[in-house]
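This report refers to the structure that appears directly beneath it.
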Amino acid sequence: MSVRVTWYSHACTLIEADGARLLVDPFITGNPLAPVKPDELEADYILVSHGHPDHLGDTVDIAKRTGATVISNFEIQSWLGKQGLENLHPQHIGGGFDYPWGRVKLTIAHHGSALPDESYGGNPCGFLFYIQGKKIYHACDTGLFYDMKLIGEEGIDLAILPIGDNFTMGPEDALRAVKLVEPRQVIPIHYDTFEAIKQDPAAWKERVEKETSSKAAVLKPGDGLDL
Ligand code: NI
Ligand code: MN
């Protein structure tokens with residue numbers, strides 16, 4: 001069985017494999033590029049990289065409706081518990097856990113993580129999925145960091161990298177990230193949602209494929225690919 005990866009714009013990504021639906025950073029309400037409504041999304045697990053509203057997004061509503069288990073750092077879990085969520089699985093950076101569908105490890109990310117009410121959200125993270133023999137690195141919001149090379153040493157099938165600039169890596173640094181991670185494929189994310197992060201993903205794809213041996217897939221919101 002293959003692994004299906006669907007991008008819903010910004011950082012919101014659905015990974016489906018082995019009957020499990022894993023939804024990352026479900027920012028739909030208030031997202032001008034979102035191709036779906038929050039109540040159209042189904043999930044068994046929701047992964048939250050950090051507390052900013054464009055990542056935490058509709059997590060609470062979707063989790064309450066679907067009963068999905070939310071995976072995030074310990075600090076965000078405490079806050080989600082106060083919002084009435086019960087199906088919670090805390091992890092923290094560097095730690096992995098074996099779920100019925102595969103494993104996920106939290107990676108570092110250089111960013112912030114304040115929650116909507118300004119509660120402390122701990123350190124932001126990215127996610128490394130080990131699922132159906134595939135390795136997927138979702139960097140979420142981060143600046144470039146050299147330790148991406150360590151993540152690359154694991155042999156990454158798909159990297160999902162922000163290219164928007166302003167809040168995260170821009171195209172130049174995201175290209176350097178591809179050179180550090182050396183994924184077989186890369187999907188650019190976190191661009192065009194807001195004026196400050198307008199980018200040209202087709203031009204970026206061209207540079208990736210000229211300067212590295214990785215293939216880049218520019219997706220339309222709602223589109224996906226199979227691994
Ligand atoms: Ni952020
Ligand atoms: Mn963001």
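Heavy-atom basis, side chains included; hydrogens, waters and symmetry copies ignored. First listed ligand is number 1; within each ligand, the first listed atom is number 1.
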I'd like the atom name of the N/O/S atom in H52 lying closest to the Ni ion (ligand 1).
ND1

What I want to check is whether the side chains of S113 and H52 have a donor and an acceptor closer together than 3.5 Å.
no

Residue D54 atom name (nearest to the Mn ion (ligand 2); N/O/S)
OD2

Heavy atoms from other residues, nucleotides or ligands near CD of E195 exceed 12 (cutoff 6.0 Å):
no

Quick check, are the ring centers of F74 and H92 under 6.0 angstrom apart?
no

Near the Ni ion (ligand 1), is there an N/O/S atom from C140 that is less than 2.8 Å away?
no

Looking only at the side chains, is there a donor atom on one of E154 and Y130 sitting less than 3.5 Å from an acceptor on the other?
yes

Please name the atom of H111, limited to N, O or S, that comes nearest to the Ni ion (ligand 1).
NE2

Verify, without hydrogens or angle tests, whether Q77 (side chain) and V70 (backbone) share a donor-acceptor contact under 3.5 angstrom.
yes

Short check: any N/O/S atom of C140 below 2.8 Å from the Mn ion (ligand 2)?
no

To the Mn ion (ligand 2), the closest N, O or S atom belonging to D141 is OD2

If you look at D141, which of its N/O/S atoms is nearest to the Ni ion (ligand 1)?
OD2

Please calculate the NE2(H55)-the Mn ion (ligand 2)-NE2(H190) angle and round it to 10 degrees.
100°

Can you check whether S49's main-chain N or O pairs, donor with acceptor, with D25's side chain at less than 3.5 Å?
yes

